[in-house]
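Throughout, a chain's letter reflects where its sequence line sits, starting with A, and its residues are numbered from 1.
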There are 2 protein chains.
Amino acid sequence: MQNKYIEIYKRIADQIQDGLYAPGTKLPSEHELMNQFDTSRETIRKALNLLAQNGFIQKIQGKGSVVLDAQKFDFPVSGLVSFRELAEKMGQRFRTHVEDLAYEKPAEEIRAKLQIPAGGHIWRVLRVREIDGERIILDKDYLNSTYVDHLTKEICEDSIYQYIEGDLGLTISFAKKEIVVEEPTEEDRRLLELNGHMNIVVVRNFVYLDDATLFQYTESRHRPDKFRFVDFARRSHGK
Amino acid sequence: MQNKYIEIYKRIADQIQDGLYAPGTKLPSEHELMNQFDTSRETIRKALNLLAQNGFIQKIQGKGSVVLDAQKFDFPVSGLVSFRELAEKMGQRFRTHVEDLAYEKPAEEIRAKLQIPAGGHIWRVLRVREIDGERIILDKDYLNSTYVDHLTKEICEDSIYQYIEGDLGLTISFAKKEIVVEEPTEEDRRLLELNGHMNIVVVRNFVYLDDATLFQYTESRHRPDKFRFVDFARRSHGK
DNA sequence: AAGTGGTCTAGACCACCTC
DNA sequence: AGGTGGTCTAGACCACTTC
């Protein structure tokens with residue numbers, strides 16, 4: 001399949017989610033897992049570190065790896081999850097309306113954000129997300145056209161990410177996210193059902209590829225009463 | 001000092017922040033760093049992985065480790081940073097008002113959240129954060145008294161985290177965070193200067209210790225116009 | 001072909017917890 | 001003392017980039 005340690009990580013993660021290892025109990029020791037998966041200790045440790053990073057276990061020196069009760073209904077709204085994955089995971093009925101799709105010279109503000117050279121072009125996508133029949137989220141995407149030369153309404157209605165990673169073979173590796181609360185614009189009022197809300201939650205995302213090039217800037221504008229952000233944060237070593 | 005790989009991580013992180021390695025340029029190769037720090041490759045790689053996790057570099061196979069331009073003014077509001085660290089980093093004038101401090105039997109809702117046995121006690125702390133002269137944030141802390149038997153107004157005015165980690169020797173290891181937008185309560189209106197805002201950003205934090213015990217539940221209630229959350233998310237391997 | 005990072009191994013020693 | 005996880009080493013082989 002893939003790398004050994006990722007296989008082991010997935011195996012154990014599945015076992016935890018299937019309840020084979022109950023929250024509060026301990027995983028087998030690293031030595032036992034070595035035998036069980038017929039591999040070296042460092043490889044087991046890489047898999048366990050992944051499990052710890054993703055909130056499945058907590059390693060305690062001298063004792064063992066305790067299974068946490070995370071992942072229950074704490075679907076990771078965090079990180080780089082796309083709307084489509086999210087909506088599917090939450091089992092809600094959702095629809096995507098592509099309001100606008102254009103290949104164009106970017107506005108100065110966007111050009112600067114995406115670090116596009118003068119004269120360069122971008123894809124601009126405007127989509128409204130409907131959840132359970134209500135127009136809740138306005139997604140404004142700006143994509144560096146160096147990497148995406150072709151984009152259609154159909155792709156935008158499905159999942160841009162799937163197209164980028166699946167069909168184009170690009171790899172998204174990290175993102176910088178900012179969450180603030182603002183007053184709705186005229187556009188927000190026109191395209192969303194705000195129901196009188198005087199605020200809107202704006203999630204700004206800078207998405208980078210494998211090779212550290214800035215690839216996409218996204219503004220996701222949420223009706224405040226339907227917004228929820230969940231995060232699992234492990235303490236990192238000091239500055 | 002400490003562990004070798006953490007020392008190396010800090011050294012390189014400092015060098016990046018001091019501009020010794022400019023954004024867009026590459027770090028020396030792992031082999032060179034091995035010689036430079038007189039250590040093994042795996043140890044160098046641990047340090048580099050820390051740098052990548054924290055947004056300092058991006059490793060590219062076959063090419064090298066590219067220095068990112070993060071950390072500029074992207075103070076990590078993310079993760080487990082305390083208000084005090086934050087306020088100091090942002091260089092803003094801030095004050096903390098301790099509105100209430102009590103050792104008591106928890107309300108049922110809090111008891112359930114903190115998983116306190118019937119009859120157990122907690123510390124409840126109510127604090128208002130003032131930034132540049134305005135009362136912006138209402139912090140409601142609930143601490144498991146098993147770990148903190150003593151708490152004073154002075155400690156709460158300074159930094160509870162510093163007391164817990166510095167004086168008590170406990171180690172905070174991870175937290176589950178939730179961000180939602182709600183309508184202000186009567187208490188919010190009384191204690192904060194809401195200036196007519198009809199929404200309030202609520203950050204709920206479950207804080208865990210080293211040994212995976214749930215230690216603290218915190219509600220941080222922010223005036224929406226002054227709220228900003230920044231996050232750096234690296235893509236993790238699939239579910 | 002040479003240089004880079006990615007994975008995997010086998011073994012050593014240490015720090016911490018439990019008995 | 002024995003078991004556990006934490007760190008570190010030296011070396012091997014692979015995948016990718018660059019020339």
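When the C1' atom of dA10(C) is taken as reference, atom CZ of R41(A) falls 12 Å away, rounded to whole Å. Following rounding to the nearest Å, Q61(B) (CD) and dC14(D) (P) show an atom-to-atom distance of 14 Å. In this structure, Y5(B) atom OH and dC14(C) atom P are separated by 18 Å, rounded to whole Å. Here the P atom of nucleotide dT7(D) and the CD1 atom of I44(B) are 15 Å apart, to the nearest Å. Protein atom NZ of K26(B) is 9 Å distant from nucleotide atom P of dG5(C), rounded to whole Å. Nucleotide dG6(D) holds its P atom 6 Å from the CD atom of E30(A), rounded to whole Å. We find that CG of D211(A) is positioned 10 Å from P of dT17(D), with the value rounded to whole Å. Between the P atom of dC8(C) and the CD atom of E7(A) lies a distance of 10 Å, rounded to the nearest Å.
With respect to D141(A) and R124(A), no salt bridge is recorded, no charged nitrogen being found less than 4.0 Å from a carboxylate O. Looking at R111(B) and E108(B), a side-chain N of the basic residue comes within less than 4.0 Å of a carboxylate O on the acidic one, giving a salt bridge. Salt-bridge check for D211(A) with K59(B): failed, with every basic side-chain N at 4.0 Å or more from each acidic carboxylate O.
Contact annotation for I60(A): backbone-only contact, meaning every heavy-atom pair under 4.0 Å involves sugar-phosphate atoms and none involves a base.
Between S29(B) and dT4(C) there is a side-chain N or O to OP1 or OP2 distance below 4.0 Å. Put simply, T43(B) has a side-chain N or O that comes within less than 4.0 Å of OP1 or OP2 on dT9(D). Checking the phosphate oxygens (OP1, OP2) of dT9(C), a side-chain nitrogen or oxygen of K4(A) falls inside 4.0 Å. Between T39(B) and dT9(D), a side-chain N or O to OP1/OP2 separation shorter than 4.0 Å is present. Between R45(A) and dG5(D), a side-chain N or O to OP1/OP2 separation shorter than 4.0 Å is absent.
When each of H31(B) and K63(A) is assigned the nucleotide of DNA chain C with its nearest heavy atom, H31(B) is the one assigned upstream, toward the 5' end. If G62(A) and S40(A) are placed on DNA chain C by their nearest nucleotide, the residue sitting closer to the 5' end is S40(A).
Using a 4.5 Å heavy-atom threshold, the side chains of I179(B) and V201(B) count as touching.
A cation-pi geometry, defined here as NZ or CZ lying under 6.0 Å from the six-membered ring centre and within 45° of its normal, holds between R234(B) and F174(A).
Across dT18(D), dG5(C), dA10(C), the shortest atom-to-atom separation from the side chain of E42(A) is found for dA10(C).
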